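Working notes, beginning with the structure itself.
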2 protein chains.
Amino acid sequence: MVHDNRAFSEVLDRLREAGLRPTRQRMALCKLLFEKGDCHVSAENLHAEAKSAGIKVSLATVYNTLHQFTDVGLLRQVVVDNSRSYFDTNVTDHHHFFVEADGHLVDIPAEAIDIGKLPKTPPGTNVDRVDVIVRVSPSRRK
Amino acid sequence: MVHDNRAFSEVLDRLREAGLRPTRQRMALCKLLFEKGDCHVSAENLHAEAKSAGIKVSLATVYNTLHQFTDVGLLRQVVVDNSRSYFDTNVTDHHHFFVEADGHLVDIPAEAIDIGKLPKTPPGTNVDRVDVIVRVSPSRRK
DNA sequence: AGAAAATATTAGAATTGTTCTAATATTTCA
DNA sequence: TGAAATATTAGAACAATTCTAATATTTTCT
Ligand SMILES: [Mn+2]
Ligand SMILES: [Mn+2]
Ligand SMILES: [Zn+2]
Ligand SMILES: [Zn+2]
């Protein structure tokens, strides 16, 4: 078995930094999540990916892991669909296209969208974050 | 019992226009939804309001009605929270503040937010709608 | 109006995504 | 290495929503 020790140790560091033990399951999920660039996954989705990659991990652990990673800032949640939660490996400020037809998310860099002014927030509240979701659907064939 | 026959007939018209029979339940829900200005409700929420207004309607009918009204354009859905669906009586183009702490939505008029340019959509797709959600939370007391 | 057809409502069961429980396993560290 | 801490897991529980199929209401047609 050949290891990419570079990426492997990055994953390890990431977990340690976060105060999470680098267990077999967490490392494997880390690799799936972070070794192939920005991605958006649901729990079921990641669980399936894990299974097809030969990783033995329970759905409960997938949920635990996604939440722990979110809590420590390795992931963020994207709310676009009320029947499923999406987790995003891109935790920088950005927005999304959402292709409702196939439940697919595409990043929009923060600087690609300019929100001018915001009206004042409801009394006694502060802005946590601004989410822009551009809902798109397959264009009708010509 | 006193009737506001003006509003009553507006409700009736609205249902007929949509091709939905003006049943007792639908009319009652219409009144709850549309007679007190823009509002954002969940199904449970509306069901509870109905009960406390003395309207006998099942939760299944509340769901049916919310979906039917959405289908014919009397309501729109707002996705802000993956554990509950919100329906909005304001079907004009607008955005939202979402107070996560209490699950409360506040309208932002479309013209209060200016989204400059949009990047081009993913290949083969068209924009359906742009949703801006400004997530806010109660500011810490001074 | 009365009968038949169309549509709506409902209780309760089913489904689905997610969370919880508590028993077992792994990891850490002195 | 052994005790303490933490993690994993199967399966039960949960909560929002949808489905089913029996009953009721509304509309249409004579
Ligand atoms: Mn959490
Ligand atoms: Mn659900
Ligand atoms: Zn993203
Ligand atoms: Zn609104």
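Values in this document were obtained by computation on a predicted structure and should not be read as measured data. The chains referred to below are lettered A, B, ... by the order of the sequence lines, with proteins before strands, and numbering in each begins at 1.
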Do the side chain of B:Arg26 and the main chain of B:Thr65 share a donor and acceptor less than 3.5 angstrom apart?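 Judged by distance alone, no pair lies under 3.5 Å.
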
Quick check: does any side chain N or O of A:Arg84 sit under 3.5 Å from a backbone N or O of A:Ala43, one acting as donor and the other as acceptor?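 Flag not set: sc A:Arg84 to bb A:Ala43 has no pair under 3.5 Å.
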
Under the side-chain hydrogen bond (donor to acceptor under 3.5 Å, both in side chains) test against A:His94, which residue among A:Asp38, A:Asp88, A:Asp131 passes?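 Exactly one candidate clears the test, A:Asp88.
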
Can you tell me the distance, in whole Å, between the [atom1] atom of [X] and the [atom2] atom of [N]?
| X | N | atom1 | atom2 | result |
| --- | --- | --- | --- | --- |
| A:Leu29 | D:dA7 | CG | P | 14 Å |
| B:Met27 | C:dA8 | CE | P | 14 Å |
| A:Arg26 | C:dT27 | CZ | P | 11 Å |
| A:Leu20 | C:dT28 | CG | P | 12 Å |
| B:Gln68 | C:dT7 | CD | C1' | 10 Å |

Decide if the gap between the ring center of B:Tyr63 and the ring center of B:His47 is smaller than 6.0 angstrom.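 Aromatic pair excluded; centres sit 6.0 Å or further apart.
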
May I ask you to evaluate whether A:Gln25 reaches the phosphate of D:dT9, defined as a side-chain N or O under 4.0 Å from OP1 or OP2?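 Yes, within the criterion.
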
Search all heavy atoms of A:Gly73 against all heavy atoms of A:Val91 and return the closest pair with its distance.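 Reported closest heavy-atom pair: O-CG1, 3.6 Å.
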
Under 3.5 Å side-chain donor-acceptor pair for A:Asp107 and A:His40: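 A pair is found: one side chain offers a donor N or O, the other an acceptor, under 3.5 Å apart.
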
At under 4.0 Å between heavy atoms, how does the protein contact nucleotides 11-30 of chain D? Give one character per nucleotide, 5' to 3', with B, S or -. -----SBBB------BS---

